[in-house]
Amino acid sequence: MSQMSADRLMIKRDVPFPLYDIDVLSATDDELKQLSSELGLSLSLDEMKVIVDYFKKEGRNPTDIELQSLGQAWSEHCCYKSSKNILKEFVFAIDHPDILSRGDAGVMVFDDDYGYALRIESHNHPSAIEPYGGAATGIGGILRDVICMGAQPIGLVDPLCFGPIDTDKELPKGIKHPRYLASGVVSGIRDYGNRMGVPTISGGFFFDDKYTGNCLVNVGCLGIVKRDVLMKNYAGGPGEVMILLGGYTGRDGIHGVTFASADLTSTSDKDSRGAVQLGDPITKEPTLHACIEVAEKKLITGMKDLGGGGLSCVIGEMALDAGCGADVDLDKVPLKEAGLAPWEIWVSESQERMMVTCKPENVDRILEIFDMWDVPATVVARTTDIPHTRIFWKGELIFDMDLKFLTGGPVYDRPYELPKTYCKCRESFPILPSNNEVILKLLSDLNVASKEWAIRQYDHEVRAGTVLKPMVGKMNMTGPGDATVLMPVLGRWKGLAAAVGCNPWFCEGDPYKGGMACIDETCRNIVAVGARPHAFTDCLNFGNPEIPERLGVFREAVRGLGEICKSLGLPIPSGNVSLYNEAPGGHHILPTPMILGTGLIDDVRKAVSADFKEEGDRIFIVGSTKDEMGASLLFRKFGGIEGDVPGVDIDNLKKLMDKMLSAMDKGLVRACHDCSDGGMAVAVAEMCISGDIGAELDLRDMGPLDDARKLYSESNTRWIAEVKEKDAKAFQDIMGADAVCIGRTGGDSLKVASAGVSLSVKDMRKAWNDPVWNIMGGAQ
Amino acid sequence: MKASDVKVCVIRIEGTNCEDEMAEAFRMVGAAPEKVHLKQLTGQAPADMRRSLEDYDILAFPGGFSAGDYIRDGAIFAARIKSAIGPQVRKFVEAEKPVLGVCNGFQILVELGLLPAMEDCMTPVPTAALYTNDSARFECRPTLLRNDNRGKCMFTSAFKPKQVVMFPSAHAEGKLMSMDPKFVEKLEENDQVVFRYVGPDGKAPVYPWNPNGSPSDIAGICNPAGNVMGLMPHPERVLTRFTHPDWTRGYTSEEGDGLLVFRSVMQKLVK
């Protein structure tokens with residue numbers, strides 16, 4: 001029935017190619033809704049009515065390509081209509097003198113000659129449907145965001161969230177097994193990242209039942225750019241030429257952004273397979289070389305990648321931000337196959353494509369450089385001084401819209417409801433087995449256990465600048481590191497540290513505190529290697545914003561993030577929001593503000609790794625351990641209920657970061673590791689594993705809490721530090737009461753007499769090392 | 001020849017991705033490296049970018065995934081070279097100019113017939129292959145190597161006999177195989193074995209110390225003349241101590257182990 005009413009409105013224009021005028025001017029409300037759904041626009045009735053009003057004023061009906069373009073531009077993915085006001089209130093205003101650009105990637109000062117680019121985004125929905133292609137094209141997209149700043153990508157960072165990979169529960173209809181998804185996603189990242197020659201240097205795996213129906217694939221990238229080569233993402237002015245570079249355009253990846261801006265359903269697999277693109281790193285790799293070359297030779301005025309929305313977004317934005325319009329010859333776009341309708345070409349998200357703008361006199365030289373690398377490059381548009389996008393197909397005008405209207409999508413203040421948060425007043429402390437058993441169980445929890453299975457499939461050393469690797473310690477006995485440290489400019493000792501911080505369980509228990517904790521954790525990781533936190537990029541993965549409870553959680557988490565970043569004076573020059581992460585059957589993900597943080601270290605030769613170095617050294621805990629058991633790994637594992645979620649005292653964080661960095665700069669800290677999942681017990685155990693050295697602890701000086709809380713509390717702003725006996729006084733002088741000596745390294749086991757802990761390093765390594773290998777296969 | 005007169009052709013096509021660090025390695029030992037696209041050597045480039053292989057003193061094949069390596073690794077790059085500049089490459093090798101291949105570069109040298117090259121300096125068909133790792137996975141991990149060359153290889157002249165060094169590995173196909181049942185014996189006879197994987201304290205390397213299952217733990221070989229060397233691990237990734245995996249556990253020199261390879265070949269050329 002609905003099919004018939006929409007057909008009535010579609011009037012084929014008498015031209016030798018598929019083009020329809022859509023009679024919205026005569027459509028009823030029901031017909032507008034049907035149009036939106038049948039054309040895959042994902043626009044609400046109110047939004048459709050705004051469009052009708054515009055065309056009433058124009059005195060004509062829109063073409064199919066115009067409506068499709070609006071569907072792209074006004075999607076949540078492209079215009080952030082539900083999140084923009086909240087982000088404006090809490091995050092956007094944080095400024096910093098080191099911000100060089102807030103373009104497609106943020107760019108911060110690295111040193112006097114160089115800037116570094118950073119950006120993270122999501123590729124969740126495509127990866128839930130087709131994990132290999134979804135993840136690979138996610139990598140492709142984030143690389144383009146960095147390349148179009150004129151920057152050479154130097155590191156990929158991929159935090160991933162899945163359901164438990166060993167689950168034997170029955171899965172909801174249309175949902176793929178988490179082990180299959182994890183395997184496909186890791187293969188996709190490996191095959192794309194390794195082929196591009198960009199090291200995958202950091203990441204993270206988060207496992208929880210709540211991700212079973214909607215996995216998260218977040219992809220981050222860092223780049224390095226000479227400051228005088230830093231590109232803009234828009235044209236230099238009217239009268240310039242737009243050159244489309246890289247891959248051909250096809251039917252793959254149509255409606256990717258509208259698909260990303262709706263909940264997954266049990267039939268998403270069937271319906272939206274066409275929205276997942278195909279990746280081709282061996283088109284991208286030479287494109288990278290050629291793009292950097294034309295930027296360095298100053299032949300171009302602007303560069304932007306084709307991501308969500310394809311040509312429909314990139315041409316308008318490159319023109320609008322330059323105060324121009326654009327005339328497009330759409331029939332010039334090189335295609336993978338013949339017979340695409342103009343609207344399909346306009347919105348296709350086929351991969352490996354970039355757009356550059358240039359002065360007409362530089363076109364030939366640019367085409368020559370791309371030809372050298374066998375990368376297709378085609379002149380497809382030129383900028384004008386009329387603020388309209390006009391599209392021509394073999395001379396026929398098929399699209400003529402005001403750019404401000406087209407890109408000025410709606411912004412909403414949707415209703416929200418503040419979430420109930422966990423509280424000590426409702427805490428129920430679980431009954432625990434022996435501490436030996438607890439520690440082994442925590443070490444073998446999938447969220448703590450070794451991710452070596454994935455890490456070693458990624459080339460994390462290509463470009464020869466990886467100073468601290470994702471895994472640290474004795475060769476082939478390594479344990480987890482805190483942050484990765486890169487030497488981005490060969491021959492210079494200045495380093496860039498990168499770390500991921502996120503605690504979705506804290507965010508579920510108390511999104512405001514959780515948002516802060518994500519930043520605290522990122523800072524801890526960066527400080528643990530001796531670098532000073534400098535900037536963040538965030539990927540905010542949340543549920544459906546049209547549900548007030550979900551939007552309330554989003555708002556609180558963003559408020560937490562914003563407050564702590566503002567107080568620390570650290571900016572978020574780039575980021576991404578991914579909403580509608582809901583699975584069939586009303587399940588939704590944990591609120592997941594994924595943070596990628598960067599830090600600077602003047603001399604990488606002073607970097608500190610987490611592995612215990614030698615027997616007989618002192619072990620300190622830095623920061624105070626509180627009765628904050630809410631959402632801790634201990635409670636999740638052993639059935640604890642509520643409890644306070646760890647909060648952050650921002651002044652204390654600032655003070656302790658300064659002190660730790662000062663002690664590290666003086667060379668007083670031999671090993672350092674942050675306390676996170678599983679508390680200080682797991683932190684110390686991990687340092688034993690990577691250093692292949694035991695430790696003997698005495699917790700008495702940690703204060704009045706019981707041993708279980710001392711061992712497993714996940715209070716923020718804490719580190720474990722190994723200090724030589726001869727340096728202990730100097731270290732204590734700097735740290736004051738903020739560091740407490742809790743024991744010494746030595747022997748071949750971890751011992752805590754008062755808590756009955758006695759575990760051999762060998763047994764701990766096995767508990768930590770084996771679980772993921774055993775599930776994913778390949779254990780040797 | 002002065003060091004700065006040593007011109008190094010760091011050759012690349014699409015998918016070659018270790019050329020920056022390869023060039024940096026030669027720069028650090030004083031040579032003059034240039035990254036050169038194959039099309040620059042075959043005349044398919046604008047006039048100002050054209051180059052001639054004979055003008056170079058060293059030819060270096062960096063790692064990567066040349067042409068994507070969707071078929072047998074290195075096969076496409078090798079085929080393109082053979083068809084366009086095969087005779088020039090043969091001349092280069094016959095003149096005993098040094099040729100280095102790392103990782104994908106090693107795979108390309110084998111596909112080109114420049115290694116092991118027992119019958120001829122450039123055999124018309126490959127006589128060995130780098131097979132899929134025993135683990136069937138791409139593996140990025142540190143590996144210890146022992147210099148087992150007795151003096152023929154131009155790229156190990158600065159090594160002590162049996163010296164053990166750390167070069168990291170990163171590959172999915174690194175197991176050196178041949179149809180010839182006496183392959184390893186012949187390599188030994190000709191002094192073609194250059195590097196073997198070893199375990200800690202010089203012990204026999206079980207996985208992961210031998211990361212791919214290569215027979216006789218062979219990681220790198222040279223041709224009978226000693227001027228062509230290929231190896232799977234990456235010396236150009238350890239030019240300083242600070243990209244070694246365990247430098248935070250203590251070190252005596254700020255130099256990375258990889259520098260020795262480049263210094264060796266320069267010793268041979270620079271008088």
Side-chain angles (χ1 to χ4, degrees), chain A residues 152 190-191 194-200 280-283 285-287 289 365 368-369 371-375 452-453 455-469 471-476 478 485 487 490-491 493 495 604-605 607-611 613-614 670-671 691 778 780, chain B residues 12-22 24-25 27-28 37 39-40 44-46 49 63-70 134-144 166 168 170-172 199-200 206-209 234 236-243 245-250 254 256 258:
Chain A
Q152 163 70 48
R190 174 196 65 203
D191 287 352
N194 292 359
R195 278 197 171 82
M196 284 299 292
V198 180
T200 297
D280 176 13
I282 293 308
T283 296
E285 204 273 345
T287 304
H289 291 297
R365 186 78 186 109
E368 197 177 85
I369 288 169
D371 183 56
M372 177 73 222
W373 285 101
D374 297 318
V375 173
E452 189 181 26
W453 165 77
I455 292 168
R456 298 221 179 273
Q457 293 191 62
Y458 304 148
D459 191 335
H460 49 261
E461 301 196 84
V462 60
R463 301 195 61 74
T466 313
V467 170
L468 280 192
K469 324 225 184 250
M471 299 190 72
V472 297
K474 268 195 174 173
M475 255 186 257
N476 286 333
T478 47
V485 177
M487 216 168 18
L490 291 179
W493 293 122
V604 297
R605 293 172 293 185
V608 176
S609 63
D611 45 310
K613 300 296 184 303
E614 203 176 358
R670 301 194 80 189
Q780 301 253 352
Chain B
R12 60 177 174 175
I13 59 170
E14 74 279 7
T16 305
N17 63 32
C18 301
E19 64 265 46
D20 288 350
E21 49 269 43
M22 182 68 94
E24 177 69 14
R27 205 171 293 121
M28 282 179 77
H37 195 286
K39 286 171 80 179
Q40 295 178 262
Q44 298 164 280
M49 293 175 76
F65 291 77
S66 50
D69 274 347
Y70 291 106
D134 281 353
S135 68
R137 273 192 310 271
F138 184 96
E139 303 240 1
C140 176
R141 54 169 71 253
T143 39
L144 296 175
M166 197 298 302
H171 58 259
V206 290
Y207 177 87
W209 296 101
H234 288 269
E236 82 287 6
R237 293 187 182 182
V238 276
L239 302 174
T240 86
R241 182 61 40 187
F242 305 97
T243 51
D246 55 355
W247 68 269
T248 56
R249 303 187 66 77
E254 290 209 342

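Lettering of chains follows the sequences in order, A, B, ..., and the numbering in each one begins at 1.
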Name all residues meeting the side-chain contact (heavy atoms from CB on, under 4.5 Å) criterion together with A:K474; count only those two or more places apart in sequence or in a different chain, and write none if there are none.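 Partners of A:K474 under the side-chain contact (heavy atoms from CB on, under 4.5 Å) test: A:M477, A:D692, B:R249.
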
Sorted by chain and residue number, the side-chain contact (heavy atoms from CB on, under 4.5 Å) partners of A:A464 (sequence neighbours excluded) come out as B:E21, B:R237

Heavy-atom distance under 4.5 Å to chain B: side chain of [X], backbone, both or neither?
| X | answer |
| --- | --- |
| A:S609 | both |
| A:E614 | neither |
| A:E461 | both |
| A:A607 | both |

_Salt bridge check, A:D374 against B:K39: does any charged N sit closer than 4.0 Å to a carboxylate O?_
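Salt bridge: yes.
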
Is the side chain of A:R195 donor-acceptor paired with the backbone N or O of B:F65 at a distance under 3.5 Å, no angle test? no

> Is it true that a side-chain atom of B:N17 and a backbone atom of A:V198 form a donor plus acceptor pair closer than 3.5 Å?
Replying inline: no

Does A:T283 form a side chain to side chain contact (heavy atoms under 4.5 Å, CB included) with B:E14? I'd like the steps, not just the answer.
CA-CA 8 Å; A:T283 296; B:E14 74 279 7; over 6 Å; no

Measure the spacing between [atom1] of [X] and [atom2] of [Y] and express it to the nearest 0.5 Å.
| X | Y | atom1 | atom2 | value |
| --- | --- | --- | --- | --- |
| A:W453 | B:R137 | CH2 | CZ | 9.5 Å |
| B:T243 | A:L468 | OG1 | CG | 11.5 Å |
| A:I455 | B:C140 | CD1 | SG | 10.5 Å |

Which answer fits [X], side chain, backbone, both or neither, if we ask what part of it has an atom under 4.5 Å from a heavy atom of chain A?
| X | result |
| --- | --- |
| B:E24 | side chain |
| B:R12 | side chain |
| B:E254 | side chain |
| B:M166 | side chain |
| B:M28 | neither |
| B:A67 | backbone |
| B:L239 | neither |
| B:T240 | side chain |
| B:P46 | side chain |

Point to revise | Worked verdict on A:E452 versus B:R141 for side chain to side chain contact (heavy atoms under 4.5 Å, CB included) | key: CA-CA 10 Å; A:E452 189 181 26; B:R141 54 169 71 253; 4.0 Å; yes

### Message
To check you understand the geometry: which heavy-atom pair defines the closest contact between A:V467 and B:W247, and what is its length?
### Response
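A:V467 and B:W247 have their closest heavy atoms at O-NE1, 3.1 Å.
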
B:G15 and A:E285 have their tightest heavy-atom pair at N-OE1, 2.8 Å

Contact between [X] and [Y] at the side-chain level, heavy atoms closer than 4.5 Å - yes or no?
| X | Y | value |
| --- | --- | --- |
| B:F138 | A:D191 | no |
| B:Y207 | A:N476 | no |
| B:T248 | A:K613 | yes |

Heavy-atom pairs under 4.5 Å with chain B: which of [options] has the most?
| options | result |
| --- | --- |
| A:M196, A:R190, A:M487 | A:M196 |
| A:R456, A:Q457, A:M372 | A:R456 |
| A:E368, A:R605, A:R463 | A:R605 |

- Query: In terms of heavy-atom pairs under 4.5 Å with chain A, which of B:P168, B:C18, B:P200 leads?
  - Reply: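 Among the listed options, the one with the most contacts to chain A is B:P168.
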
